[in-house]
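To keep things clear, I will list the structure first and then write my remarks on it.
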Amino acid sequence: MLIIRKILLATDFSSACTQAYFHALHMARLHQADLVISHVWRPDAADGRGEGHFRNLLEQIRPVDESIRVAHALFSGDAATELVAYAREHGIDLIVLGRQGRHDTGRDMLGSVTEEVLRSAPCTVLVARVPQGRSTGRAPAAKAAAE
């Protein structure tokens, strides 16, 4: 039997990650598990947005269902490395992430972060995809927070 007590949701605020968010919420409810919503930002990104910007976006994502215990984790660096390290250090039972993030353009391939997490994760990984016909562009944080 699969026992899930701690779930790590990785988001880059894309539509694929919004879909992953809904899966993570469902699993958290079903298993009465803690949910950690995380984002990994790159300090060397050319867009100039800093840690405060991403922390603000991340902390807006909160389920309406108050029975789900939620924490937020913001990391900097290589996304796959940071997510796998956090999962190992904190006894995560399930990692949930989108099939492709906003930086991946290949339609028939997994995103590079998703693929690396699948290879290296110390636990089960659930990969959510956007249903066919839907955009994989950036999703507003408020939409994800509405659930």
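Worth knowing before you read on, the calculation uses all heavy atoms, side chains too, and leaves out hydrogens, waters and symmetry mates. Residue numbers run from 1 in the order of the sequence given.
With values rounded to the nearest 0.5 angstrom, Glu51 atom CD is found 7.0 Å from Ser76 atom OG. Taking NE2 from His26 and CD1 from Ile7, the interatomic distance works out to 10.0 Å, rounded to the nearest 0.5 Å. The NE2 atom of His23 sits 10.0 Å away from atom CZ of Arg129, with the distance rounded to the nearest 0.5 Å.
Shortest non-hydrogen contact noted between Ile68 and Ala28 is CG2-CB, 3.9 Å. Taking both residues in full, the closest heavy atoms of Ala24 and Leu35 are given as CB-CD1, 3.9 Å, listed atom of the first, atom of the second, then distance. Between Leu97 and Val125 the shortest heavy-atom distance is CD2-CG1, 3.5 Å. The two residues Thr11 and Cys17 make their nearest non-hydrogen contact at OG1-CB, 3.4 Å. Residues Arg62 and Glu59 come closest through the heavy atom pair NE-O, 3.2 Å.
Using a 4.5 Å heavy-atom threshold, the side chains of Cys123 and Asp93 count as separate. When side chains are defined from C-beta on, Asp78 does not count as touching Glu82, because their heavy atoms never get closer than 4.5 Å. Residues Tyr86 and Ser38 form no side-chain contact, since every pair of their non-hydrogen atoms from C-beta on lies 4.5 Å or further apart.
When Leu9, Val70, Leu8 are each tested for a side chain to side chain contact (heavy atoms under 4.5 Å, CB included) with Val36, only one passes: Leu8.
There is a path of hydrophobic side-chain contacts, each under 4.5 Å, that joins Leu2 to Leu25.
The aromatic ring centres of His39 and Phe13 sit less than 6.0 Å apart.
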Val96 and Tyr21: CA distance, side-chain angles, deciding distance, side-chain contact (heavy atoms from CB on, under 4.5 Å) verdict: CA-CA 8 Å; Val96 182; Tyr21 171 76; over 6 Å; no
Full working for side-chain contact (heavy atoms from CB on, under 4.5 Å) between Trp41 and Leu74: CA-CA 8 Å; Trp41 70 287; Leu74 181 64; 3.7 Å; yes
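Side chain of Lys6 to main chain of His90: a donor-acceptor pair is present (N/O by atom type, distance under 3.5 Å, no hydrogens or angles). A donor-acceptor pair under 3.5 Å is formed between the side chain of Thr114 and the backbone N or O of Gly98. Remark: side-chain polar atoms of His72 are paired, donor with acceptor, to backbone N or O of Ile61 under 3.5 angstrom. In this structure, Thr81 contributes its side chain and Gly77 its backbone to no donor-acceptor pair below 3.5 Å.
Glu116 and Ser112 are not linked by any side-chain donor-acceptor pair at a separation below 3.5 angstrom, with hydrogens and angles left out of the test.
With sequence neighbours left out, the salt bridge (Lys or Arg N to Asp or Glu O under 4.0 Å) criterion links Arg69 to Asp34.
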